[in-house]
Amino acid sequence: MTEITRVPLQPIKKGSLTKLWLGVVVAVLLGAGLAWAAVPKGLDVETVTAGTGDSPKLGDVVFVQYVGKLTDGTEFDRSQPLPVPPGLFPEGNPLLLEEGAIIDGFIEGLTQMQKGGSYVLTIPAEQAYGAEPPPGSPIPPNADLVFEVDVVDFMSRDDFQARAAALQQMMGQQGEGEAGAPPGE
């Protein structure tokens, strides 16, 4: 029988095993960090002041006061008061929660809010205007948008349409009264 040449094993230096495990941990953390950075950004709804009650759902009309900004703080839009008699509609701009009526991120964000609440809504470009913002808009392509939103109230589309019809009828009656008035009155 032949004997194989024996090679003596060298003992492991003190601390080498610890260094090996630290290297493994660093590699795992680095890989996790790269994976997290590659995940697409999502919608963020930050509650400034909590609201109460239910949240609006698709098909509802939500009355909001808002300021729209780019991530650098440049304001590009602001809600305007409605030119209607007080009391018929809540204050704020009415937004129909329906695909195509407003940007997808705003719809998704509003369904997470409650009446009376104040929120900061951050919408990634993919859920806003993406590479094609509205023509003439100060919004650059692929811009993330930030909205400060106060939810005043919301109602069903049917309730909104009934109130709008009542407003039209009221305005029509005022127009008839003015048209039939004798000159000088």
Side-chain angles (χ1 to χ4, degrees), residues 42-71 73-130 132-140 143-185:
L43 183 81
D44 182 42
V45 179
E46 177 188 335
T47 302
V48 176
T49 305
T52 58
D54 293 333
S55 296
K57 58 189 177 308
L58 289 178
D60 285 344
V61 177
V62 184
F63 291 84
V64 297
Q65 294 175 336
Y66 68 89
V67 176
K69 299 179 182 180
L70 301 175
T71 53
T74 304
E75 186 176 313
F76 65 85
D77 194 13
R78 178 179 289 272
S79 59
Q80 302 295 322
L82 286 178
V84 296
L88 192 57
F89 289 107
E91 290 183 23
N93 282 56
L95 300 176
L96 174 60
L97 293 188
E98 184 176 86
E99 189 175 325
I102 56 177
I103 58 176
D104 294 343
F106 218 115
I107 293 172
E108 184 179 335
L110 285 172
T111 60
Q112 297 176 38
M113 299 178 187
Q114 296 174 297
K115 175 182 172 179
S118 294
Y119 305 87
V120 175
L121 176 62
T122 304
I123 304 173
E126 301 80 41
Q127 290 182 289
Y129 296 106
E132 298 178 19
S137 163
I139 302 171
D144 295 341
L145 306 179
V146 178
F147 289 90
E148 297 167 3
V149 181
D150 293 333
V151 179
V152 178
D153 202 354
F154 63 93
M155 62 182 64
S156 70
R157 182 190 329 217
D158 292 341
D159 189 14
F160 177 80
Q161 288 174 337
R163 291 181 190 205
L167 177 63
Q168 281 183 320
Q169 183 179 14
M170 187 170 59
M171 290 174 67
Q173 290 172 351
Q174 285 178 348
E176 289 173 11
E178 292 172 10
E185 286 188 34

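Scanning both residues, Gly92 and Phe63, for their nearest heavy atoms gives O-CD2, 3.9 Å. The shortest non-hydrogen separation linking Pro138 to Phe76 is CG-CB, 3.6 Å. Between Leu121 and Gly109, the shortest heavy-atom distance links the atoms CD1-CA, 3.8 Å. When all heavy atoms of Ala143 and Ala128 are compared, the closest pair comes out as O-CB, 4.4 Å.
For the side chain to side chain contact (heavy atoms under 4.5 Å, CB included) criterion with Pro56, the lone passing option out of Asp153, Leu95, Val62 is Val62. Each of Gln112, Met113, Gln114 was compared with Ser55 under the side chain to side chain contact (heavy atoms under 4.5 Å, CB included) criterion, and only Gln114 meets it.
How far CG of Leu82 is from CG of Leu88: 10.0 Å, rounded to the nearest 0.5 Å. Here the CG-CD1 distance, from Asn93 to Ile102, works out to 11.0 Å after rounding to the nearest 0.5 Å. Taking CG of Leu58 as the start and CG of Leu96 as the end, the distance is 9.5 Å to the nearest 0.5 Å. The distance from the CD atom of Gln65 to the OG atom of Ser118 is 9.0 Å, given to the nearest 0.5 Å. Annotation: the span from Arg163 atom CZ to Met170 atom CE amounts to 12.0 Å, rounded to 0.5 Å. Taking CG of Asp144 as the reference point, atom OG1 of Thr122 lies at 8.0 Å (rounded to 0.5 Å).
Glu75 CD: more than 12 foreign heavy atoms inside a 6.0 Å radius.
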Tell me, with the steps shown, if Val146 and Val67 meet side-chain contact (heavy atoms from CB on, under 4.5 Å). CA-CA 8 Å; Val146 178; Val67 176; over 6 Å; no
Assess the residue pair Lys57 and Phe154 against the criterion (side-chain contact (heavy atoms from CB on, under 4.5 Å)); give the C-alpha distance rounded to whole Å, side-chain angles, the decisive distance to 0.1 Å, and a yes or no. CA-CA 9 Å; Lys57 58 189 177 308; Phe154 63 93; 5.9 Å; no
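In this structure a side-chain-to-backbone donor-acceptor pair under 3.5 Å is missing from Gln127 to Asp104. Of the possible donor and acceptor atoms, one in the side chain of Ser79 sits under 3.5 Å from a partner among the backbone N and O of Tyr66. Using a distance-only test at 3.5 Å, with no hydrogens or angles considered, no donor-acceptor pair links the side chain of Thr47 to the main chain of Ala50.
Taking the side chain as every heavy atom from C-beta outward, Leu110 and Val149 approach each other to under 4.5 Å. Leu70 places a side-chain heavy atom less than 4.5 Å from the side chain of Pro140. The side-chain heavy atoms of Met155 and Pro90, taken from C-beta on, include a pair separated by under 4.5 Å. Residues Phe106 and Leu145 are not in side-chain contact: their nearest non-hydrogen atoms beyond the backbone lie 4.5 Å or more apart.
The aromatic rings of Phe89 and Phe160 lie tilted to each other, with the angle between the two planes from 30° to 60°.
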